[in-house]
**Student:** 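Below you'll find the structure I mean.
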Amino acid sequence: MASNVILVIGGAGYIGSHTCMLLAESGYAPVTFDCLSNGHREFVQWGPLIEGDVTNYEAIEAAICDLRPAAIVHFAGLIEVGQSTLTPTDFYHNNVTGTLNVLRAAQKAGVTSLVFSSTCATYGMPQNLPITEEEEQQPINPYGRTKLIAEMAIRDACQHEGMRAVILRYFNAAGADFSGRIGEWHEPETHLIPLTIDVALGRRKELTIFGNDYETRDGTCIRDFVHVLDLADAHVRAVRHLIGGGDSDAINLGTGTGTSVLELAAAVEAVSGHHLARRDSPRRPGDPSTLVAGNARARRVLGWQPVYGLDDIVRSAFQWHSARNH
Ligand SMILES: NC(=O)c1ccc[n+]([C@@H]2O[C@H](COP(=O)([O-])OP(=O)(O)OC[C@H]3O[C@@H](n4cnc5c(N)ncnc54)[C@H](O)[C@@H]3O)[C@@H](O)[C@H]2O)c1
Ligand SMILES: O=c1ccn([C@@H]2O[C@H](COP(=O)(O)OP(=O)(O)O[C@H]3O[C@H](CO)[C@@H](O)[C@H](O)[C@H]3O)[C@@H](O)[C@H]2O)c(=O)[nH]1
């Protein structure tokens, strides 16, 4: 088995491309498998691209059996909470079938190390804050349920079939590579930070606030924004942990600090120097009010702790979006 080849499924996307960059900088040889449905050919800069769809079993089996990578990092999936309430079947197909295909193909090829992109959306409406990994997983939207089902399949493969997996439950990925090579680029864009920056840049008229009547300090939702480079670093550590024989685990990745939608808007105003027009709108279906990570396990198991804060996130995102024309 090639010792430094890492198959990155979904490596042409936002978090996947930043992870390929840090994997390459850490001496690994990332190979991206992506159907480019939401990714970008120009983001694949740190190794080859295999164009394929993970829901096509033959395609992913061929890639895994040909490469026999030291580990697989599986990012590919549909990601938007709101959209998942409109087209849930597509989400189950992509996120659950895709993951089952990865598990089956890995088993066939004898690859036993897997890092999986999960989410704090699997916790639903948490009873305790910050949210630790012991919190009950009761997702409140189809997206979160697809990720929980994928997690369950992975855990069973670990318990009964010799797989070893690190399941990473990210909170809200944000920010961009500081050198401006890659960043957040989703079409259509639905995420709060890029949309807010678009308003600051005059590319959109106003920021829509989805719900101002939550039981939070200013009535808007609270999220834990974690820099994409910190997330990428955690993936490199998870790969190293598995290749080094470490045990399976499920690990939160967040900063432990919550930011409300209005606080985020104020941070963008401060960085951009522009006042943002806002419009209040009803709550978006599927949104929990507050998601903030307890991240002690990431520190203990992976030696990970976030390096970047909200200012770095907003500055790097602003720089990326200002320089781009999409
Ligand atoms: N962005 C966040 O804040 C966040 C938070 C928690 C979890 N996650 C999870 O992290 C992962 C990556 O998120 P992202 O923001 O980088 O999303 P992204 O859409 O930028 O990246 C996903 C990549 O997967 C590819 N892809 C999708 N379906 C595919 C398929 N069937 N076959 C092959 N490739 C396919 C897309 O083309 C894209 O390049 C996702 O699984 C997402 O659910 C993201
Ligand atoms: O125009 C907008 C866009 C978003 N929001 C709010 O901003 C918050 C963050 O929304 P968004 O940026 O869309 O992220 P999430 O819906 O929290 O979802 C992201 O973060 C999740 C973890 O919380 C991941 O699982 C998902 O894949 C990822 O898309 C939510 O309260 C939204 O209601 C607005 O008020 N106005």
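Numbering of ligands and ligand atoms starts at 1, following listing order.
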**Student:** Give the residue, atom name and distance (to 0.1 Å) of the protein heavy atom nearest atom 29 (C) of ligand 1.
**Tutor:** C35 SG, 3.5 Å
**Student:** Say whether H40, considering both its backbone and side-chain N or O atoms, lies within less than 3.5 Å of an N or O atom on ligand 1.
**Tutor:** no
**Student:** In terms of atom number and element, which parts of ligand 1 are under 4.0 angstrom from non-hydrogen atoms of A173?
**Tutor:** 1 (N), 2 (C), 3 (O)
**Student:** Minimum distance, heavy atoms only, to atom 9 (C) of ligand 2: which one of R278, R279, R223 is it?
**Tutor:** R223
**Student:** Using 30° and 60° as the class boundaries, would you call the ring planes of H186 and Y14 parallel, tilted or perpendicular?
**Tutor:** perpendicular
**Student:** What is the closest protein heavy atom to atom 18 (P) of ligand 1, and at what distance does it sit?
**Tutor:** H186 NE2, 3.7 Å
**Student:** Need the ligand 1 atom indices (1-based, order shown) with element for anything under 4.0 Å from a heavy-atom of G52.
**Tutor:** 32 (N), 33 (C)
**Student:** If you take the nearest heavy atom of each of I79, L78, N172, T122, which one is closest to atom 19 (C) of ligand 2?
**Tutor:** N172
**Student:** Looking at R279 and E206, is there a salt bridge between them, counting it only when a charged N and a carboxylate O are closer than 4.0 Å?
**Tutor:** yes
**Student:** Is it the side chain, the backbone, both or neither of K147 that has a heavy atom closer than 4.0 Å to ligand 1?
**Tutor:** side chain
**Student:** Which of the listed options, F171, F75, W185, holds the heavy atom that is closest to atom 11 (C) of ligand 1?
**Tutor:** F75
**Student:** Please determine whether the number of non-hydrogen atoms from other residues, nucleotides or ligands lying under 6.0 Å from atom CG of D247 exceeds 12.
**Tutor:** no
**Student:** Enumerate the atoms of ligand 1 whose separation from the nearest heavy atom of V54 is less than 4.0 angstrom.
**Tutor:** 30 (C), 31 (N), 32 (N), 33 (C)
**Student:** Quick one: does L195 get an N or O within less than 3.5 Å of an N or O on ligand 2?
**Tutor:** no
**Student:** Are I64 and F116 connected, step by step, through hydrophobic side chains (Ile, Leu, Val, Met, Phe, Trp, Tyr) whose heavy atoms are closer than 4.5 Å?
**Tutor:** yes
**Student:** Between T97, D34, D90, which one has a non-hydrogen atom sitting closest to atom 25 (C) of ligand 1?
**Tutor:** D34
**Student:** To which of H191, R204, R283, R284 does the heavy atom nearest atom 28 (C) of ligand 2 belong?
**Tutor:** H191
**Student:** Would you mind running through ligand 1 and noting each atom that sits below 4.0 Å from a heavy atom of S37?
**Tutor:** 26 (N), 27 (C), 28 (N), 36 (C), 37 (O)
**Student:** Give the residue and atom name of whichever protein heavy atom lies nearest to atom 42 (C) of ligand 1, and the separation in Å to one decimal.
**Tutor:** I79 CG2, 3.3 Å
**Student:** Using a heavy-atom cut-off of under 4.0 Å, does the side chain or the backbone of S118 touch ligand 1, or both, or neither?
**Tutor:** backbone
**Student:** Return the closest protein heavy atom for atom 34 (C) of ligand 2 as residue, atom name and distance.
**Tutor:** F210 CD1, 3.3 Å
**Student:** Using a heavy-atom cut-off of under 4.0 Å, does the side chain or the backbone of L36 touch ligand 1, or both, or neither?
**Tutor:** backbone
**Student:** Which atoms from ligand 2 have a heavy atom of T190 less than 4.0 Å away?
**Tutor:** 3 (C), 13 (O)
**Student:** According to the interplanar angle, ranging from 0 to 90°, do the rings of Y143 and F91 count as parallel (below 30°), tilted (30 to 60°) or perpendicular (above 60°)?
**Tutor:** perpendicular
**Student:** Under 4.0 Å from a heavy atom of T119: which atoms of ligand 1 are those, numbered in the order shown and with their elements?
**Tutor:** 6 (C), 7 (C)
**Student:** Would you check whether Y170 has a nitrogen or oxygen atom less than 3.5 angstrom from a nitrogen or oxygen atom of ligand 2?
**Tutor:** no
**Student:** How far is atom 19 (O) of ligand 1 from the closest protein heavy atom, and which atom is that?
**Tutor:** N38 ND2, 2.7 Å
**Student:** Show me which atoms of ligand 2 lie under 4.0 Å from any heavy atom of L291.
**Tutor:** 23 (O)
**Student:** Could you name the option among L78, I15, D53, V73 that has the heavy atom nearest to atom 31 (N) of ligand 1?
**Tutor:** D53
**Student:** Which of the numbered atoms in ligand 1 are under 4.0 angstrom from any heavy atom belonging to G13?
**Tutor:** 20 (O), 21 (O), 38 (C), 39 (O)
**Student:** So which protein heavy atom does atom 43 (O) of ligand 1 come closest to, and at what separation?
**Tutor:** Y143 OH, 2.6 Å
**Student:** Side-chain contact, heavy-atom cut-off 4.5 Å: E42 with W185?
**Tutor:** yes
**Student:** Could you tell me which atoms of ligand 1, counted from 1 in the order shown, lie closer than 4.0 angstrom to a heavy atom of G39?
**Tutor:** 36 (C), 37 (O), 38 (C), 39 (O)
**Student:** Of all the non-hydrogen atoms in the protein, which one sits nearest to atom 28 (N) of ligand 1, and at what distance?
**Tutor:** N94 ND2, 3.3 Å
**Student:** Where is the nearest protein heavy atom to atom 32 (C) of ligand 2: which residue, which atom, and how far?
**Tutor:** D287 OD2, 3.4 Å
**Student:** Heavy-atom distances under 4.0 Å decide this one: backbone, side chain, both or neither, for I209 against ligand 2?
**Tutor:** backbone
**Student:** In the protein, what heavy atom is nearest to atom 10 (O) of ligand 1, and what distance, to one decimal place, separates them?
**Tutor:** Y170 CE1, 3.2 Å
**Student:** Could you tell me which residues satisfy salt bridge (Lys or Arg N to Asp or Glu O under 4.0 Å) with E133, sequence neighbours excluded, listed by chain and number?
**Tutor:** R297
